[in-house]
Number of protein chains: 2
Amino acid sequence: MSTATAHPWHDDSLSSGPPVKSVDRALTVLDILAREGEASLSQMARELGVHKSTVGRLVETLVRHDLVDAPNGSGGYRLGVGCLRLAGATAARRDVSLEAQPVCDELSAVIGETTNVAITREGVAINVCQSEAHSTVAMRNWIGQHTALHATANGKVLLAHLPEEDRAALLDTGLTPFTEHTLTCPAALSEELHRIRTRGWAFAVEEFEEGLNAVAAPVFDHSGNVVAGISVAGPSYRLPPDRLPEVRAPVLRAANALSLRLGHVGHVRD
Amino acid sequence: MSTATAHPWHDDSLSSGPPVKSVDRALTVLDILAREGEASLSQMARELGVHKSTVGRLVETLVRHDLVDAPNGSGGYRLGVGCLRLAGATAARRDVSLEAQPVCDELSAVIGETTNVAITREGVAINVCQSEAHSTVAMRNWIGQHTALHATANGKVLLAHLPEEDRAALLDTGLTPFTEHTLTCPAALSEELHRIRTRGWAFAVEEFEEGLNAVAAPVFDHSGNVVAGISVAGPSYRLPPDRLPEVRAPVLRAANALSLRLGHVGHVRD
DNA sequence: GTTATCGTCGCGCATTGCGCAACCTATTGT
DNA sequence: ACAATAGGTTGCGCAATGCGCGACGATAAC
């Protein structure tokens, strides 16, 4: 294509002009390396549709900032430790309550039911974020509300990942029944929590309120701890028990998306 | 500096020219954000010594690649989730044995004693990396050597962070005494391991060889697991028990540095 | 030997990124 | 209420700057 031929920007799906072309290309190099793991200059040049030497200069600049590792001996260029430094600085400042809203919105849009994100403090679950589906009948607003850990999907997720001793202590303090389906037997609940841990998600069928069902999944932070739960809840007539498995995947995806925003690297699981 | 004033590049400590100026500036923006956590356009413009609009365009490009989050409502620009994505891709390809050498070298240079990095496989510690101090008397070469987990500083660190059941199994198989200081009582060792976990580092005084002392600390990978231990070891006459605490900080720093290279974000602890 | 792949170096053109200044919008202070 | 400060956005015109090009050196494959 050489100088000013044909299509201005065919690669990036973004419509309006590229603010700074060389920077855009450099960042695309990072994307390529993230995807490929390793690449040679010529390879990247081909993919970007630019000349070798151009990419050469770009990656040299990236190398100076440690974002790319120059090929040690054989092999191609790779992402460097600078990326990890940046991520450290990013993760340190991230907070569930700030990141949750868009993920919540997305999830409720997909499923068409109300979604919540909850954290746990001093033995109770606290809802920090909620998104209503477009639907007509607005559910109650749960934000800020404290709920018991043993009777909701989100609560059970949080409870399941509490430190051993805290969990044991809570099981012993007595499990208030809210409906006839609430798990009030410590042993049964303990088994259920184990299943939740190994399975990776939880559901609750009319355990907190008659006619209210929910599905929840754990949210991890950058160091792999469970810091929140994200859930979808709806009335039994719209979200009957047999429909619960089908919302599993979207909920897990949302949980992963939120985890990612908090710095929980990798571990995509379908 | 406006148009072509005075000195070409006095600011960058790097001698030769800047390969691609705009990219270099953009990456510096990332560095600034990593350091400050949050910054406004004008602020960055001041620090870079360029015009607001210039930084504006650079940042816009960064935002398109999700490396920077535009100010939601109030506050300044921050690093974005793209950094975390990059780090994920980086961390996935990193390996202890490849990253350990420079850290080992640095540590042994600082302390003036031999340093080792060890991992654990099937109940034993395996040294994967070693660096000798400039010192005259070369110690034995430990690389590749298999050692017991319960009798060295590195081994105890690794043992302390093994999964509960593996650890228990190893304690039961009998603890070979190597010297009269070797911990051979399972209960005592178990207590020691607990101390190591809470304290964050370990030492061994003539537990494996008479006249050989060591200090070790755990190395974490991107998902927070302990994947290695790094240690400093030396003869008792140069590294007597009362000097051990003073090498604690350098060893911890080295462990952190290595952890960082493996993608373990944040958690700087002195 | 030849051939292919990969990275580096200088050169010269014009593309492209930059500084500037005006403008717009909060937010703050009196 | 109004001024004043700070942050961000837009358009323009100049030339600095980044780019393509082709040649060269190195290494490896065959």
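Each chain gets a letter, A, B and so on, in the order the sequences are listed, and its residues count up from 1.
Taking B:Ala257 as the reference, nothing meets the side-chain contact (heavy atoms from CB on, under 4.5 Å) condition, with sequence neighbours excluded. Applying the side-chain hydrogen bond (donor to acceptor under 3.5 Å, both in side chains) rule to A:Asp69 yields the partners B:Arg94; only residues at least two apart in sequence or on another chain are considered. Residues meeting the side-chain hydrogen bond (donor to acceptor under 3.5 Å, both in side chains) test with A:Arg35, sequence neighbours left out: A:Glu47.
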Would you give me the side-chain donor-acceptor pairs under 3.5 Å for residues 100-107 of chain B, sequence neighbours excluded?
{"unit_1": "B:Gln101", "atom_1": "NE2", "unit_2": "B:Asp105", "atom_2": "OD1", "d": "3.1"}
{"unit_1": "B:Gln101", "atom_1": "NE2", "unit_2": "B:Gln130", "atom_2": "O", "d": "3.2"}
{"unit_1": "B:Asp105", "atom_1": "OD1", "unit_2": "B:Ser131", "atom_2": "OG", "d": "2.8"}

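Atom NZ in B:Lys21 sits roughly 16 Å away from atom C1' in C:dT15 (whole-Å rounding). In this structure, A:His51 places its NE2 atom 13 Å from P of C:dG7, rounding to the nearest Å. Distance CD (A:Glu60) to C1' (C:dT8): 10 Å, rounded to an integer number of Å. Remark: P of D:dT5 and CD of B:Gln43 are 19 Å apart, rounded to the nearest angstrom. Rounding to whole angstrom units, CE of residue A:Met44 and C1' of C:dT5 are separated by 14 Å. Look at CZ on A:Arg46: it is 10 Å from C1' on C:dC6, rounded to the nearest Å.
A:Thr152 and A:Thr147 form no side-chain donor-acceptor contact under 3.5 Å, judged by distance and modelled atom types alone.
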Would you tabulate the pairs of protein nitrogen or oxygen atoms and nucleotide nitrogen or oxygen atoms of nucleotides 26-30 of chain D closer than 3.5 angstrom?
none

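A heavy-atom distance below 4.5 Å is found between the side chains of B:Leu62 and B:Val29. For the pair A:Val81/B:Arg261, a side-chain contact is recorded, criterion being any heavy-atom separation below 4.5 Å from C-beta on. The shortest distance between side-chain heavy atoms of B:Arg25 and A:Val23 does not fall below 4.5 Å. Taking 4.5 Å as the limit, some side-chain heavy atom of B:His65 sits within range of a side-chain heavy atom of A:Thr28.
Of the residues in residues 52-59 of chain A, A:Ser53, A:Thr54, A:Arg57 come within less than 4.0 Å of DNA chain D through at least one heavy atom, sorted by number.
An OP1 or OP2 oxygen of D:dG8 is reached within less than 4.0 angstrom by a side-chain nitrogen or oxygen of B:Ser42.
For the pair A:Leu41 and B:Arg25, both in contact range of DNA chain C, the more 5′-proximal nearest nucleotide belongs to A:Leu41.
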